[in-house]
Structure formats: C-alpha cells, structure tokens
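Just so we're on the same page: letters track the sequence lines, and every chain starts at 1. Computed from a predicted model, the values in this text were never measured in an experiment.
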There are 2 protein chains.
Amino acid sequence: MDIRTLCLGILTMRDATGYEIKKVFEDELSHFYEASFGSIYPALNRMTEDGWIACKAEAQDGRPDKKIYSITSAGRMAFMDALQKKPRKDRIRSEFLAMMMFSDLMAPSRIASLIDERLAALDAHLKEVEVCSDEAATPNVVRFLRGFGQAMYQAEHDYLEENRHLVEAQALMARAAAD
Amino acid sequence: MDIRTLCLGILTMRDATGYEIKKVFEDELSHFYEASFGSIYPALNRMTEDGWIACKAEAQDGRPDKKIYSITSAGRMAFMDALQKKPRKDRIRSEFLAMMMFSDLMAPSRIASLIDERLAALDAHLKEVEVCSDEAATPNVVRFLRGFGQAMYQAEHDYLEENRHLVEAQALMARAAAD
DNA sequence: TCGATATATATTGAATTGATATATGCATTC
DNA sequence: GAATGCATATATCAATTCAATATATATCGA
C-alpha cells in the first residue's frame, strides 16, 4: 500500500486536488501514514496516465490552474484489489527512542529534557485528539482510528512517566563510572 | 539521526561488521528503527572516507573478506554532536491502519481476518519481549526500550480487542446500505 | 540429500522526502 | 499602510532509503 494506492483510496471518498489530498494525510491519516508533495503529485500524474483517475483543470486568478482529480471505474477496481492484499508490517522510525538507546553517552539533564519534551508533545497530541472527539456524527471508523491514536499516546505517556528513572538513573551511574 | 549516524552510534558500543550492524537493527533497535543493507554498506563506506570509522579486513575461506569497522575519535565526537540535536518527529507508516481507514469498502469477514492477524502478530511480539525480560544483568536502557515496546504492543492489543466492533459493525452497516 | 538459515560482501532501480520555486489572498500585528 | 505568517495552489529535484538481487560457503534438521 504505497503512496499511490493511498491517494487512490482518498479519491474513492471524494474528488480532490493534490493540495487537498495532502491535507487528508495531515489530518485523518497523520497518526499512521504520511506523504509529501514530492510523491503525491508524481503519483497523481502516473495514475492519470494509467487511467485510474481523471483530471479536470479549473482556471484561477493569480494561481496555477486548480486540478481536481476523480477516480475512474478502473481505479476503483484497482483499489479494491489493493485492499485484498496482505498489509506489510509497520514501519516505525523514532529518533527519540534511538537517542534513548545511547543515553549512557548523555548528561542526565539532557535525558530529562528530552523526556520532558516528549511528554509535552504527547500532551499536545492528546489534547488535539480530545478536541475532535466531541464532534457528533463522526463515522465509526474515524472514532476507531482517533481512539487508536489516543490509546497509543496515552500508553506512551504513562510508560515514560513510570519508567523514565531507568534511563535517568543509568545516566547518573554511567557518569559516576566515567569520573 | 539518519542511518549513518545510527551506524556510528552502534560502533560506539562495539566494533562490528556490516552484517553485525544489521543484526543490531534487527534485534535491539527493531521496535523503533530499521535499516537495510542498501543503506548500511554505503554509510560505512562514506564514514570510512570521512575518517569517522576505520576498517580492518580479515580474509575468510570461501567468503568475502570480513570487514570489521571501529569508530575513531573524530567519529565519536561527531556522534556526541548528533546526540545534542533535537530529535525529529517519529515516522510511522502502518498499512494495517491505512486499510482500516477504508473498512467501508471491505467485507466484514475481511476486516475480522485482518484484525485477528494483527492480534496474532501482537501476541507474538509480546511473547518475544517476555522471553527476553527474564535475563539477568540487562542494562537499564535495554529494559527501558523493551518495556516501551511491550507497553505499546499491549496497548494496541487491548485497544483492538475492545474497539474492533467500531469497524466491524460499520462494515455491516455499509454492506446493508449498499444492498 | 535437500531445504532453510546463518554468515559475509555488495549494488541498483524505484520510491520517497524535505527543500525549493512560484505566486496571490487573508488575517494579524505594529 | 507595511510586515509577517499562514492558506491555497502548482510543481521539481538532490539526497536518502529500501527491497530485491548477486555471490558463495557452512551448519542444522528432516
């Protein structure tokens, strides 16, 4: 399920511009899939060539033509096929956790600072998810995904608060051993 | 903190071959950072050119020379610098969750199957983490990272079990509406 | 004996990113 | 009124990364 497939999926929901598709990646999908313009526009161009989507341009004042993409029957079938494939394993890349791996080499104050910043970022995520949760008539799948994100942020938040001493104390010991 | 920086970090812990570095990515780091040979070997070559690591080749029977890399003083300083930088935000890419986003377009049995497979994979991860946890003399940072992974797998497991009805029921409703 | 896995070195085409380019409209602040 | 930041739009590109591929022997279990 690459960027192209996901753009196609977004277009099964509604017609959109490249810019709007990017917005979907930044809003609904942001907790578990991201994409940049650098792959969205080429993907749209290729799918237009492949006949999976069609493009209608609307002239605008002082801006490039607005290009609105819509899915075709062939595209809808291609996406349904993609949904029958086995999902590949998640890809996770966390610089924060990678840095924790080398916490022996950092000052205890640096470690505390990193963890505090991480906790603050988690708090911000949790607030953001909470604000959205009050909306009525939210589709169940959106509730599901938002709840998923919330559960994971909360789990990480709790884990860090309860276990930060494991890396903070070790840093102190590593420092004592180095002296 | 790119692949090159992480390879450097691994070499602060011990000398290693490219193959052994890959093993570290697959074992200790696997929950939060992955790398392939396609980037490890070029990274090692470039850092050798930059003077951050040194390489000693040992002839082997019937195999390419074994190349053992060790960090230099310059490399150690470069890595310490990297640890002072602000970690960039996590990158998460989950095909499973992306598919859930389009659960309206899937048969309820397909959704159930995907979730069951996901739960099975989480069980396997949890078992794997549990086996390791009994080891004595595990450094605190390893306990921390392993515990982190365990907490996140458990949170996801619990969330899926308690909330799978949100997407499964919606699929039934979507199917009823389509008929 | 065979198949799978481990141990080693690599390369490459394709996918992806973050930065960059271009440019107007709107809102806010000074 | 000017400056700044953000939103709305289209894109490209150098650098990074990956999965597949190539090569080849040793070990282990069925």
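- Between the NZ atom of A:K66 and the C1' atom of D:dT8 there is a distance of 9 Å, rounded to whole Å.
- The nearest heavy atom of DNA chain C to A:Y33 and to B:Q60 marks one nucleotide each, and the one closer to the 5' end goes with B:Q60.
- Aromatic ring centres of A:F96 and B:F32 lie farther apart than the 6.0 Å criterion allows.
- Rounded to whole angstrom, the span from the CG atom of A:N45 across to the P atom of D:dT12 amounts to 7 Å.
- As rounded to whole Å, 14 Å separates atom P of D:dA9 from atom CG of A:L44.
- Between A:F144 and B:Y159, the ring center distance clears the sub-6.0 Å criterion.
- Atom-to-atom, CZ of A:R91 to C1' of D:dT17 comes out at 8 Å; the value is rounded to the nearest Å.
- Following rounding to the nearest Å, A:M1 (CE) and C:dA15 (P) show an atom-to-atom distance of 17 Å.
- OP1 and OP2 of C:dT11 both lie 4.0 Å or more from every side-chain N or O belonging to B:Y41.
- Atom CZ of B:F25 and atom P of D:dC18 are 8 Å apart (whole Å).
- Of all heavy-atom pairs between A:A16 and A:L11, the closest is N-CD2, 3.6 Å.
- Under 4.0 angstrom from either OP1 or OP2 of D:dC18 there lies at least one side-chain N or O belonging to B:S36.
- When each of A:F148, A:F25, A:Y153 is checked for a ring-ring contact (aromatic ring centres under 6.0 Å, His included) with A:H31, only A:Y153 meets the rule.
- Within 6.0 Å of CE in A:M77 there are 12 or fewer heavy atoms belonging to other residues, nucleotides or ligands.
- Contacts of A:K23 with the nucleic acid, taken as non-hydrogen atoms under 4.0 Å apart, involve only primed sugar atoms and P, OP1 or OP2.
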Is there any protein nitrogen or oxygen under 3.5 Å from a nitrogen or oxygen in nucleotides 22-26 of chain C, and what are the pairs?
residue : atom : partner : partner atom : Å
C:dT24  : O4'  : A:G62   : O            : 3.2

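- Counting only N and O atoms by type, the side chains of A:E49 and A:N45 include no donor and acceptor under 3.5 Å apart.
- Listed pair B:R93 / C:dT17 meets the phosphate criterion, a side-chain N or O lying under 4.0 Å from OP1 or OP2.
- Of the residues near DNA chain C, B:R88 and B:D65, the one whose nearest nucleotide (by heavy atom distance) lies more toward the 5' end is B:D65.
- Going from atom CZ of B:F37 over to atom P of D:dA20 covers 14 Å, rounded to whole Å.
- Side-chain atoms of A:E117 and A:S113 form a donor-acceptor pair, as typed in the model, at a separation below 3.5 Å.
- Among the nucleotides D:dT12, C:dT9, D:dT17, the one closest to the side chain of B:S39 is D:dT17.
- Contact between the side-chain N/O atoms of A:R46 and the OP1/OP2 oxygens of C:dA15 is found at a separation under 4.0 Å.
- Spacing between atom CG of B:D2 and atom C1' of D:dT17 amounts to 10 Å, rounded to whole angstrom units.
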